[in-house]
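This report refers to the structure that appears directly beneath it.
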Amino acid sequence: MEPYKFSDIEKKWQKRWREQGLFKVDVKNISDKYYCLMMFPYPSAALHVGHGRNYIIGDVVARYKMMRGLTVLTPMGWDAFGLPAENAAIKNGLHPKESTRDNITMMKRQMGSWGVEYDWDREVTSCLPDYYKWTQWIFLKLFEKGLAYRKKAFVNWCPSCNTVLANEQVTDGSCERCDTRVEQKELEQWFFRITDYAQRLIDDLDKLDEWPEKVRIMQRNWIGRSQGVDIDFPVADSDRTLTCFTTRVDTIYGCTYMVLAAEHPMIEELIADSPEKDRIMEFVREVRSESRIERVQTAGEKRGLFTGRYVINRINGRKIPLWIADYVLMEYGTGAVMAVPAHDQRDFEFAKKYGLPVEVVIDDPAEHIDAGKMTEAYEDEGILTGSAQFDGMKSPDAMGAIAGHMEKEGIGGRAVHYKLRDWLISRQRYWGAPIPVVYCDSCGIVPVPEDRLPVFLPEGVEFRPTGESPLKDAPDFVKTDCPSCGGPARREIDTMDTFVDSSWYFLRYISPRLDDRPFDTEDVNNWLPVDQYIGGVEHAILHLLYSRFITKVLYDARYVGFDEPFKRLFTQGMIIKNGAKMSKSKGNVVSPDSLIEKYGADTVRLYTLFIGPPEKDAEWSDRGVEGAYRFLKRVWNLLGVLDAAPGSGGDEDARKSLLRKMHQTIKKVTGDIDGSFHFNTAISAIMELVNRVYAGLSEKGEGCYEKKCIEEVLRNTALLLAPFVPHIAEEIHGRMGGTPESGSETKTSIFKCTWPAFREDMLEADMVTVPVQINGKLRSTIEMPRNLEQKKIQEIVESDEKIKVWLAGKEARKWIILPEKLVNIVV
RNA sequence: GCGGAUGUGGCGGAACUGGCAGACGCGCUGGCCUUAGGAGCCAGUGGUUUUACCGUGGGGGUUCAAAUCCCUCCAUCCGCACCA
């Protein structure tokens, strides 16, 4: 038997799969379609084995579904615009276009070397004009619907990346990419009105029952729906009214002051006549300039200032002071808060600090609260007190009653607010799709007409970030004609957030080369929603929320006929090395290239899949890779076992038992893949099957399996292994003469073969081994025939030597007999 | 603070609706083979004071029977966080 030459085998089959067009799909053929999608990567650096996990899982699913007879579409592309590529380009002094191109070449080679295959005819690259033309088209559609707009707002600014960031790209007050503290800047920026879709984005999460619960919860929390009441407070000695939002309207009678956010637009007007005006404005400016993180860090130490003005709480006619404080956020609710110190911890701390009254209006049903003795706010629900006609009501009832009363009296009304804010999509950076808008002195903001797309990103631009878009220095780009009046106009110089690019790429794969439309609606409707989406949890909020939003917008505009893009989502865990996530900076990156050279792609694939449940993080071990390699050699050597097997004869028991194991394995592997991608246990089952062959040979002798038997087992083993380790499976299959159906030397690909089916009648032996317990403790195992009556089972157990010893001198009080499973005797 | 997850040998991890804990792999031990072994094969491998007992983060409970169900506590990780 020749040795396992993985390198030759893998190169041969990778070449052949491409020649055969194994992964090529005609989208017009929609019979039994299966759209298997991996999140497309940033082409920013070489892939490591952690990245590989994602592609390998996807490849397993694709190949498995293929063997189940489905038409499988698996495309791949490149999320090629954006800061990672640009920053890397700056560092290497290369134009991002070139570094991106080089990285794509490298990554494509790496994917190929893993044996991970795609329909490369559908490759999309988001930084190329034939793609970003349609990203710009998406922008225009949102603009048309009033969903893209420009406004001046306090926005997150990363001083290192020199650009604004979306709320979603700020983690712990720092830039998600470079970890620099994010500042607040008031700038005019482009936004997408995702908040219009907040409710639908929450509601439709219920439809996504094949998504991980964790991701759905994260999205729900991020959107952050709160139900409550908006209450109007007229400003005393003024015709103005301040509205505030509360979720605890039952505490309204305990409101002893009101607080505004420093960014509240009415502040200047309200304090215009105040003698303290300058001092107040100084405070306001100070708070406004603080970064989010600074505000959070000083959370314990709340600061505020009295405005000198009062507002009227109309439910009781009470005049309460109006303050400004750093703990109120302008972005949430209305930027004004009714403060109830007795029942809100923040208000309580603030009131204590500034000597504002604390009045209990919700009593603890368990123990009466004395306002004077409180050390912290009572935030639970309870019984109303000091609340006029609502006294004695329970909080939940009171909320309804008070809200109703307010609506009747015109004091306020029920309202829903969301934490979700509009998506800031403009970036002051070079490497992105230009926003297709021009500014005309006479017409204002004018969208670039569809027939003039794409707005090309100019190439000869110094792209180092300066804080303003580098495109301002490209005069040929900036100067243009107004599409509306033809007069002189200038182009928008900001580019779009890369998350816009990635929010629709899964549609483009269906019609990647169309040049008059972004995609063909009919084809897209046939192929989407995506049957299986696979990627990292890090996109649980950003990318997955944006994609859902854009899909809904396109659905409303009737460009697509579905309102959720991804039917089933799988988020794989990270690969850890030495206790940390693999990263260049930590120096714990395991490169696949040398491993593949040493052991072969199949070994690396097998180990990656065997390492643990794919949805969980897993620690990489180079030793474990050797174990996978050892197993594949044992599989390979089965070809030698087949050669040596006698043409007839053999041991009947060995044969039966092996075939039974084979059918059990087929059942187990099929269930593990279909259910929830339990590849690790599927592989261990195949290992058991292979071990059984060798165990039989060593126990019963070399000739115990006749050729036919080994042939059947090996053929099925190859089929079961094919999705995981496609090259060796294909080679074994080929050496055994291709498909049995063809009966020829044509060497039909194993992936054109049907996934093996198990025979129900072959799963179980005539005899079963039944564990026997006494008082729940295992005392014996007895082999007995199936289908026995309870009485008969009891007889057999009672005659067992071991059990006899245990029962001697004791009285069996109760027999629990589960036929063919277990016997427990209580003594 | 809120939300979510996880906790099983020396290690990665198995265990379906409660029913033989530790499958499979790594590592380790011993043996065979070999000029040699970072190759291959075979056997063993949770712990202990080994007729038996103890063992799934700790404590308690339900049950004939608990890694699995209930209560409680602890630890670690992840996400969100002054959200009114």
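Residue numbers start from 1 in every chain, and the chains themselves are labelled A, B, ... in the order their sequence lines are given, proteins ahead of strands. Scope of the values below: all heavy atoms of this structure, side chains included, with no hydrogens, waters or symmetry mates.
Base orientation of G38(B): anti, the glycosidic angle falling outside 90° of 0.
For S657(A) and R692(A), the side-chain atoms include at least one donor-acceptor pair closer than 3.5 Å. A donor and an acceptor atom, one from each side chain of D232(A) and T243(A), are located under 3.5 Å apart. Between the side chains of Y629(A) and D602(A), no donor-acceptor pair of N or O atoms lies under 3.5 Å. With 3.5 Å as the limit, one finds no donor-acceptor pair spanning the side chains of H343(A) and D380(A). For the 3.5 Å distance criterion, the side chains of W211(A) and D209(A) fail to qualify, holding no donor opposite an acceptor. Looking only at atom types and distance, the side chain of R225(A) has a donor-acceptor partner in the side chain of Q199(A) under 3.5 Å away.
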Between the protein and nucleotides 36-42 of chain B, which nitrogen or oxygen pairs come in under 3.5 angstrom?
{"residue": "C41(B)", "atom": "OP1", "partner": "R634(A)", "partner atom": "NH1", "Å": "3.2"}

Return the polar atom pairs (N/O with N/O) between nucleotides 29-35 of chain B and the protein under 3.5 Å, or none.
none

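Comparing C83(B), G25(B), G19(B) by their nearest atom to the side chain of N824(A) picks out G19(B). Proximity note for P613(A) (side chain, C-beta onward) versus G25(B), A15(B), G13(B): the nearest is G13(B). Checked against A84(B), A15(B), C80(B), the side chain of T681(A) finds its nearest nucleotide in A15(B). Of the candidate nucleotides G19(B), G13(B), A23(B), G19(B) has the atom nearest to the side chain of I816(A). The side chain of L822(A) lies closest to G19(B) when the candidates are A14(B), A84(B), G19(B). Taking the side chain of R623(A) as heavy atoms from C-beta on, and the options G25(B), G27(B), A84(B), the nearest nucleotide is G27(B). Each of C20(B), C64(B), G25(B) was ranked by its minimum atom distance to the side chain of V826(A); first place goes to C64(B). With distances taken from any side-chain atom of K214(A) to the nucleotides C78(B), A23(B), A21(B), the minimum falls on C78(B). Listed nucleotides A21(B), C82(B), G12(B) differ in distance to Y327(A); the shortest reach to its side chain belongs to C82(B).
Among the protein residues, S226(A) comes within range of the sugar-phosphate backbone only, with heavy atoms under 4.0 Å from sugar or phosphate atoms but none that close to a base. Counting any heavy atom pair closer than 4.0 Å across all strands shown, G627(A) reaches sugar-phosphate atoms only and no base atom.
Among all heavy-atom pairs drawn from Q227(A) and T247(A), the shortest one is O-CG2, 3.5 Å.
Residues L778(A) and R346(A) each lie close to RNA chain B; by heavy-atom proximity, the contact nearer the 5' end of the strand is made by L778(A). Across the interface with RNA chain B, nearest-nucleotide mapping of R779(A) and I217(A) shows I217(A) to be the residue nearer the 5′ end.
Distance L545(A) CG to C80(B) P: 13 Å, rounded to the nearest Å. Put simply, CE on M687(A) is 14 Å from P on A23(B), counting in whole angstrom units.
Relative to the ring axis of F350(A), K302(A) does not place its NZ or CZ within 45° and under 6.0 Å from the centre. Cation-pi geometry between R634(A) and Y694(A) is met: under 6.0 angstrom from the ring centre, within 45 degrees of the axis.
Judged by atom type and distance alone, K419(A) does not reach the base of C80(B) through any side-chain donor-acceptor pair under 3.5 Å.
C28(B): Watson-Crick or G-U partner is G44(B), with both key distances under 3.5 Å. As the counterpart of A23(B), no nucleotide is assigned, since no Watson-Crick or G-U wobble pattern has both distances under 3.5 Å. Under the Watson-Crick or G-U wobble criterion, with both distances below 3.5 Å, U35(B) is left unpaired in every strand shown.
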Requested in this report: Assess whether salt bridge (charged side-chain N to carboxylate O under 4.0 Å, His left out) is satisfied between D206(A) and R220(A), documenting all intermediate values.
Outcome: CA-CA 10 Å; D206(A) 293 338; R220(A) 197 170 283 125; 3.4 Å; yes

